Visitor: 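Handing you a structure now.
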Amino acid sequence: MDRIIEISSVFVDLFNSSAGNQASSDESDVPIPVQLQEITEDYIQKILTACCSQQAAGVQGFQSGSAVGSSGLRVNEFKPNLDWFNCTKPLLFNKDLKGKLVLLDFFTYCCVNCLHILPVLHSLQQRFTCEDGLVIIGVHSAKFPNEQQSLNVHHAIEKYSIEHCVVNDTDGTMWNDLAVCCWPTLVLIGPNGEPMLVVQGEEFHSQLLPTFIETALQILRQASMISSHDIPEIIPGRTTLQSLTSGKQSSATKQHLLYPGKVFAYTKKLKKRRNNSDETLNNSNLNYRRHGKILIAIADSGHHRIVVCTLQGRVKHVIGGGGIGHLPSTIKKGFKDGNFTEALFHSPQGICFQNSHILFVCDTENHAIRMIDLKDKTVKTVAGNGKKGRDKYGGQMWNSQILNTPWDVVYYKRKARPQYQQQYTPQPYIPNQNFQQLQPSPSVPTPSPVRCLLIAMAGLHQIWALYLDKTSTSTCSSMKSKWCSKGLCTMVAGTGKEENRNNSYNGQRASFAQPSGLCLTKPSSRIGSGLNGSDPSLYIADSESSSIRRMYLDSMGKFRVLNVAGGSPDPTDLFSYGDIDGGAGANSRLQHPMDVAWNYKRNILYVADSYNHKIKYVTGLSDSHKQNHYNNGGGNTTTGGIPGSTGGSVHTLPLPVKLNEPNGLHFIENPQDGSSLLLIADTNNHSIWVYNFDTYVIKKLQLEFPKILESSPSNVVGTAQIRLNRRTGGQLMLRGRVILGCSSETEISQTIEEPHLNWTLQLPDSTWESKEIKSNTSLPAVKGAAADFKYLIRIPKQEWEERADENSENSTSKDGNRRWNDKYNPDFENESDEDSEDESDDEEEIVILRCQTSVCQDDDKCVPVEFDFVVRVRYGDEENTPQAADTYFPYTLPYNSGKKLLNKASSEINSPASTYSLDSSAEFTNNKSAPTTLTSNN
């Protein structure tokens, strides 16, 4: 087999070199030159001759030709009693697969390079069917102990929508028989079980494999060696695993979430308004008094969508996925910008807020960064173009830069500090002196402010940045120019080699192994760390090395990288994993960590130890000014000899629930009561958990999908905006009339059945109350016929929790730690840019009244139609803010000569709404003309 691997390697190199620039593309529809066809045909003839002439007796992993009715080298059968997926029984080379080309894909589901092969295999399966002579079998050969379990393999097959056959080779028998040494490796087996081609790695498969398979099928079919028989046992979604066939495993399609990847939360801050009538403000009306509501964003990866909800689980937005509320779609995926209902994603993972309405998403399998605007309800691509790239340096602008499997993203902002700041340099030890003095070093210029996205580029094993503002080269040292332009996308750390290599001097000389999770610390303000405190750090979950890394975002752009926990002192060793708590570095062991979260109240780092199904935390992490800087040698005993380790110790967080491969974490403080919360994306359990550190209670986030999730712009026929008093609540009268009209002089046919009207009122949450006063359920089929509707809605007052010490310089939380507020760290808050807006105007609730009807035409065909009336409710704190409002929507339902319903856009048929406000909170009456104190807001 070693000889076949060597010959295959020579052929692959010759094919790629002959293809030239075409081989560097992942496009499979590029025509193949005749020269490549000739090279492929010549290789196939020689490899078949070599396999048939070589005797298999005594060769490990192969059987003799007589056992299968022919001579030469033949592959052994799969080991019995293995679990098969997308197949109802084990497949045999000498029986089921005889006369077929069999493509064996040796993979492990944690490997990002193996994931890159899946689109190629899917394309091959669509192009060459079983009747054509090709069968694809994925041979799962686990790297980690957790991956050996068949139930976890089943989750991976469902998560990544794998449709070809998969066998879980738990002991790696076939791996050893065919001398496989890396993931991914593809081995093509001939119609009599002879190995024909071995391809290692992920490059150039989209051209090489289709060309080789098509040529091989032509040659073998001419020799009558290909059989067109079907294999009925191959059924996608079926398995031989008993725990699944017996029905013990619940169907994931019934879940609100399907394999959620990451979770992120943002506190939407609400500033109280100044009382313009009284310039003297008391403590309860301070403009700096802040309150907030938590918005949670969930990457619902299996449903290819983003879900935004409140801490109570009330769903506010669903972006992408093509599904409706709790009935999402698992197949509606793609790469498309547009509004929330039009946009498409493909297995989104990392997610972060820039502010209360801008959200960035790692659209992982589209190899892109997408921006979601919750105000405009639009999705836009800001980096990547949907194709996988291999550029390890970057330097292109916005979506001109091709990316490679971005897995997580964080928003990093550093404001401009004073022009010069004092730096302190530790002096060498001098004998007979009682203390060490800190001597000031020369002042150095401070670099430009930074606003960027830091991206975990898992496919390239690097950390990248997308700059949202123009900044100096000191913050993006990979560039040789003086300035980094707005929109520049570039590498900032990592050589691109899959290693666990730290570097205390320059992050670009460090190496990562599939970075999958990121979190930022907030800068500290300690004595000796500079005028405005030390720079923050970026913690990285380096999954394939089973380690946690720390990258210092220092002001000079060196971005040194050190070890925190797990991993091996040998940078090329990616197999040091386990489940051991204790000292940091090599004294602790993790198993494929997928995310990290920073507790800024206690300076604790939380780790999603995915394959150990645990949440761990690291304490005692040192600050940058205390750090011992080791590079590629030295180390110390407390850190397990890891060069450049940051110290600390690793512990397991005790939880009363059993997790299953948690992939996402986020820490946040609840602004309502100051409690500390940890959000956990329990991926294989299709759940989000909220753990409260103050009460030690963990609760599942129960999503509540509204009846009407989003109102499509084409459905909105009337819109009104009102303003009510926040402190007292109020009442809203939503009323109007639907009139049956005709677009021509032709009368409506009397044979048309009268339309039936179905009314649905959607309120923001369960605290709102409504009373249906009048809503006609039918409309006579007569031109000018009208149907009235009227609803009285009671709006609750918005509670404000007063905490007198919230902005005190010495304010503390329940645990005695200093609260995080504007004055505690001016670097991140209280800035006069677009990220520090007064968000009181953004606190908007939406009421939707939807009418659904269908009209039967003369030919007995019924045309369904629906239209929405939308009321946007905003709040004010002024005493003269109204406590009640009245909205009236007249709307004409158009017909076209009695033949069909006109389905016009809202801009063509929108009816203006009359909006009024009352100074009193008295009950509304049915007489719309009675109140004489109504004043129009329009």
Side-chain angles (χ1 to χ4, degrees), residues 25-27 112-113 115-116 118-120 122 160-161 202 206 261-262 264 297-308 319-322 332-354 358-374 376-411 452-468 486-492 514-518 664:
S25 172
D26 285 331
E27 296 294 333
V112 67
N113 307 99
L115 299 183
H116 293 164
L118 295 180
V120 179
H122 180 74
Y160 299 118
S161 302
E202 61 169 291
S206 58
K262 303 291 185 183
F264 198 94
I298 304 169
D300 191 7
S301 306
H303 290 142
H304 313 287
R305 64 180 185 175
I306 305 298
V307 177
V308 180
I319 305 103
K332 191 70 173 181
K333 56 187 176 183
F335 183 59
K336 183 180 180 182
D337 291 344
N339 60 44
F340 285 180
T341 57
E342 296 173 344
L344 295 176
F345 298 87
H346 192 176
S347 300
Q349 291 289 338
I351 191 168
C352 73
F353 281 95
Q354 176 183 348
I358 297 297
L359 193 61
F360 291 99
V361 179
C362 284
D363 195 2
T364 302
E365 294 198 29
N366 279 326
H367 312 285
I369 303 296
R370 318 287 292 278
M371 183 183 75
I372 298 174
D373 192 325
L374 299 181
D376 297 337
K377 300 185 185 301
T378 57
V379 178
K380 178 183 178 182
T381 302
V382 294
N385 61 2
K387 299 178 182 178
K388 179 173 67 73
R390 291 190 289 271
D391 182 4
K392 295 184 179 181
Y393 300 98
Q396 301 298 318
M397 306 297 293
W398 299 115
N399 52 13
S400 298
Q401 178 62 56
I402 300 179
L403 308 181
N404 190 329
T405 321
W407 208 278
D408 203 5
V409 60
V410 294
Y411 173 68
C452 70
L453 300 178
L454 296 174
I455 306 167
M457 202 71 70
L460 295 175
H461 315 292
Q462 294 175 317
I463 305 299
W464 282 49
L466 174 64
Y467 292 92
L468 305 179
K486 179 179 180 180
L488 180 73
C489 191
T490 180
M491 175 271 296
V492 294
Q514 198 173 314
S516 302
L518 304 175

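Numbering starts at 1 and runs along the sequence shown. The shown structure was predicted, so the numbers you read here are calculated from the model rather than taken from an experiment.
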Visitor: Please collect all salt bridge (Lys or Arg N to Asp or Glu O under 4.0 Å) contacts where either partner lies in residues 334-348, sequence neighbours excluded, each pair once.
Guide: Asp337-Arg370

Visitor: Give the intermediate values and the outcome of side chain to side chain contact (heavy atoms under 4.5 Å, CB included) for residues Tyr411 and Leu453.
Guide: CA-CA 5 Å; Tyr411 173 68; Leu453 300 178; 4.0 Å; yes

Visitor: Please determine whether side chain to side chain contact (heavy atoms under 4.5 Å, CB included) holds for the pair Ile372 and Phe340, giving the CA-CA distance in whole Å, both sets of side-chain angles, and the decisive distance to 0.1 Å.
Guide: CA-CA 9 Å; Ile372 298 174; Phe340 285 180; 3.8 Å; yes

Visitor: Using the side-chain hydrogen bond (donor to acceptor under 3.5 Å, both in side chains) definition, which of the options Lys388, His116, Gln349 pairs with Thr405?
Guide: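 Between Thr405 and the candidates, side-chain hydrogen bond (donor to acceptor under 3.5 Å, both in side chains) is satisfied uniquely by His116.
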
Visitor: Quick one: does Ile369's side chain get under 4.5 Å of Leu403's, heavy atoms only?
Guide: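 Side chain of Ile369 against side chain of Leu403, heavy atoms only: contact under 4.5 Å found.
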
Visitor: Under a 4.5 Å cut-off applied to non-hydrogen side-chain atoms, are Leu359 and Val308 in contact?
Guide: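 They are in side-chain contact.
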
Visitor: Any non-hydrogen side-chain atom of Gln462 less than 4.5 Å from a side-chain atom of Asn404?
Guide: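 No. Closest side-chain heavy atoms not under 4.5 Å.
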
Visitor: Is any side-chain heavy atom of His461 less than 4.5 Å from a side-chain heavy atom of Asn113?
Guide: yes

Visitor: Kindly write out the residues that satisfy side-chain contact (heavy atoms from CB on, under 4.5 Å) with Ser347, not counting sequence neighbours, or none if the list is empty.
Guide: His304, Glu365

Visitor: Are any non-hydrogen side-chain atoms of His367 and Ile402 less than 4.5 angstrom apart?
Guide: no

Visitor: Looking at Thr364 and Pro406, would you say the former's side chain and the latter's main chain have a donor-acceptor pair under 3.5 Å?
Guide: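 Confirmed, Thr364 side chain pairs with Pro406 backbone.
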
Visitor: Using 0.5 Å steps for rounding, measure from the NZ atom of Lys486 to the CG atom of Leu466.
Guide: 11.0 Å

Visitor: A side-chain contact here means heavy atoms from C-beta on lying under 4.5 Å apart; do Asp373 and Ile358 qualify?
Guide: yes

Visitor: If you look at every heavy atom in Leu460 and Gly389, which pair is closest and at what distance?
Guide: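 Minimum heavy-atom contact is CD2-O, 4.3 Å.
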
Visitor: Rounded at 0.5 Å granularity, tell me how far CD in Gln401 sits from CG in Leu488.
Guide: 8.5 Å

Visitor: Can you confirm whether Trp407 sits close enough to Pro515 that some side-chain heavy atom of one is under 4.5 Å from a side-chain heavy atom of the other?
Guide: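 No. Closest side-chain heavy atoms not under 4.5 Å.
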
Visitor: Output the distance between atom CD1 (Ile306) and atom CZ (Phe345), rounded to the nearest 0.5 Å.
Guide: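 The CD1 atom of Ile306 sits 5.5 Å away from the CZ atom of Phe345.
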
Visitor: Does the pair Phe353 and Leu374 meet the rule for a side chain to side chain contact (heavy atoms under 4.5 Å, CB included), with working shown?
Guide: CA-CA 11 Å; Phe353 281 95; Leu374 299 181; 4.2 Å; yes

